[in-house]
Visitor: 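Here it is, the structure in full.
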Amino acid sequence: MALIRLEAPKQYYATSSLVIGYALCSSLLAVINKFAITKFNYPGLLTALQYLTSAVGVWVLGKLGFLHHDPFTVETAKKFLPAAIVFYLAIFTNTNLLRHANVDTFIVFRSLTPLLVAIADTAFRKQPCPSKLTFLSLVIILGGAVGYVATDNGFTLTAYSWAFAYLVTITTEMVYIKHMVTNLGLNTWGFVFYNNLLSLMMAPLFWVITGEYADVFASIASSSGGDLFEPVAFSAVSLSCVFGLLISFFGFAARKAISATAFTVTGVVNKFLTVAINVCIWDKHATPFGLVCLLFTLAGGVLYQQSVTGGAGNASNQRESKQMDSKNDDDPERADE
């Protein structure tokens, strides 16, 4: 009995630490990525460094025995490649969205994904139509998003083009790619390892397509080294890479340590924390009315989570809901996450 009494507090503190770690990483990652892309204006290279950090981090931790991931095989990589391509495109469009728009715009479009997923599920996967409560939550999300866009004084065609591209890629991943990846039988860290390693292999191709390689080489050739070697830019990129790996660890560990409902609530609270942090630290945020519309969108997201986790009959929707919250905001959760 005494041993049980001693173990209970340890378990409580361990679980609390994991939840706090996940909340901090999740709420800060979008802001950190925005800061990084502001100081280091090379989105392709930034995402490649994040992939490198996550892939090497998982490999090293696996070698040290802290985690287990599936070994890399060419056969599995071929099957996983379509998922990695969509993942890369989601992160790539996410980073470019943050490059051209503020964090609030990113969160609004990120919050629209339940609406598109619900439509795609009904249209392409023959899922039942949303319940009345779910439909109401989706209408609230849409209304908040429309109000935000209508009053966005930072509206540019470039920013919103990247926003719509991000919406398409992240919705594609949630509706189709998750099902395909699940059938491969990879464990959690195997998924992270394959995702980041294959994305890293694809990065040079996108450098050439976008012409970013020329900007990078020109910056290296300049006498000052451009913004590649500035201390602030270096610190921002390093922080972004470290947080990308940390959110993978804390996200997966917290999901195992607490219930699905508690994890979902934590994910929703994290979005509100992101908005609060973004408003407090700088002026790169929406107008007061835009923030109200953003809060309506997040409130619709909370209502949506309640509607899809309310009964056993919504098991498939619940799985989709958990996937959306765990995505990487952001990114590599990262994309939520």
Visitor: Enter the distance from E230:CD to S235:OG here, rounded to the nearest 0.5 Å.
Guide: 11.0 Å
Visitor: Show the numbers, then the answer: is there a side-chain contact (heavy atoms from CB on, under 4.5 Å) between F243 and T53?
Guide: CA-CA 10 Å; F243 266 71; T53 302; over 6 Å; no
Visitor: How close do L246 and C25 get, heavy atom to heavy atom, and via which atoms?
Guide: CB-SG, 3.7 Å
Visitor: When you measure from the side chain of T297 to the backbone of A145, do you find a donor-acceptor pair of N or O atoms at a distance under 3.5 Å?
Guide: yes
Visitor: Looking only at heavy atoms, which two atoms of L46 and S240 are closest? And how far apart?
Guide: CD1-OG, 4.3 Å
Visitor: Strictly by modelled atom types, are Y148 and T105 linked by a side-chain donor-acceptor pair under 3.5 Å?
Guide: yes
Visitor: Given N33 and T95, is the side-chain contact (heavy atoms from CB on, under 4.5 Å) satisfied, shown in steps?
Guide: CA-CA 8 Å; N33 281 341; T95 305; over 6 Å; no
Visitor: To the nearest 0.5 Å, tell me how far L52 CG sits from T47 OG1.
Guide: 11.5 Å
Visitor: What's the separation between atom CG in D215 and atom CG in L45, rounded to the nearest 0.5 Å?
Guide: 11.0 Å
Visitor: Would you name the heavy atoms of A30 and L98 that are closest together and state the gap between them?
Guide: O-CD1, 4.1 Å
Visitor: If two hydrophobic side chains count as joined below 4.5 Å and joins carry through other members, does L186 share a cluster with L61?
Guide: yes
Visitor: Nearest 0.5 angstrom please: F87 CZ to F191 CZ, how far?
Guide: 7.0 Å
Visitor: Measure the CG-CZ distance between L49 and F40 for me, rounded to the nearest 0.5 Å.
Guide: 6.0 Å
Visitor: Please find the pair of heavy atoms, one from H100 and one from A159, that lie closest to each other, and give the distance.
Guide: O-CB, 3.5 Å
Visitor: Indicate the ring-plane relationship of Y51 and Y88, choosing parallel, tilted or perpendicular according to the 30° and 60° boundaries.
Guide: tilted
Visitor: With distance as the sole test, does S54 use its side chain to make a donor-acceptor pair with the main-chain N or O of Q50 at under 3.5 Å?
Guide: yes
Visitor: Do C241 and V237 come within less than 4.5 Å of each other through their side chains, counting heavy atoms only?
Guide: yes
Visitor: Is it the case that the ring center of F109 lies less than 6.0 angstrom away from the ring center of Y166?
Guide: no
Visitor: Which residue in the set N195, T73, I85 passes side chain to side chain contact (heavy atoms under 4.5 Å, CB included) when paired with F80?
Guide: N195
Visitor: For the OH atom on Y213, are there more than 12 heavy atoms of other groups (residues, nucleotides or ligands in this structure) within a distance under 6.0 Å?
Guide: no
Visitor: What about V168 and F106, same hydrophobic cluster or not, with Ile/Leu/Val/Met/Phe/Trp/Tyr joined at side-chain heavy-atom distances under 4.5 Å?
Guide: no
Visitor: Under the criterion side-chain contact (heavy atoms from CB on, under 4.5 Å), I'd like the reasoning laid out for F92 against T210: C-alpha separation, chi angles, the key distance, then a yes or no.
Guide: CA-CA 11 Å; F92 183 76; T210 60; 3.7 Å; yes
Visitor: N196 and S199: side-chain donor and acceptor closer than 3.5 Å?
Guide: no
Visitor: Using the rule that two of Ile, Leu, Val, Met, Phe, Trp, Tyr join whenever any of their side-chain heavy atoms come within less than 4.5 Å, decide whether L24 and I32 are in one cluster.
Guide: no
Visitor: Does any N or O in the side chain of N94 come within less than 3.5 Å of the main-chain N or O of A90, such that one atom is a donor and the other an acceptor?
Guide: no
Visitor: Should F296 and F289 be regarded as members of a common hydrophobic cluster, given that ILVMFWY residues are connected when their side-chain heavy atoms come within less than 4.5 Å of each other, either directly or indirectly?
Guide: no
Visitor: Please check if V60 and F72 belong to a single hydrophobic cluster, counting links between Ile, Leu, Val, Met, Phe, Trp and Tyr side chain heavy atoms closer than 4.5 Å.
Guide: yes
Visitor: How far does CH2 of W189 sit from CG of D70, to the nearest 0.5 angstrom?
Guide: 13.0 Å
Visitor: Evaluate whether atom CZ of F66 has more than 12 neighbouring non-hydrogen atoms of other residues, nucleotides or ligands under 6.0 angstrom away.
Guide: no
Visitor: If you look at every heavy atom in A77 and L198, which pair is closest and at what distance?
Guide: O-CD1, 3.9 Å
Visitor: Closest approach of L97 and A163, non-hydrogen atoms and distance?
Guide: CD1-CB, 3.8 Å
Visitor: Side chain of K34, backbone of A101: donor and acceptor closer than 3.5 Å?
Guide: yes
Visitor: Run the numbers on F35 and V232 for side-chain contact (heavy atoms from CB on, under 4.5 Å), then give the verdict.
Guide: CA-CA 10 Å; F35 181 64; V232 175; 3.9 Å; yes
Visitor: More than 12 non-hydrogen atoms from neighbouring residues, nucleotides or ligands closer than 6.0 Å to CH2 on W207, yes or no?
Guide: yes
Visitor: Judged by atom type as modelled, is there a donor-acceptor pair below 3.5 Å linking the side chain of D104 to the main-chain atoms of G290?
Guide: no
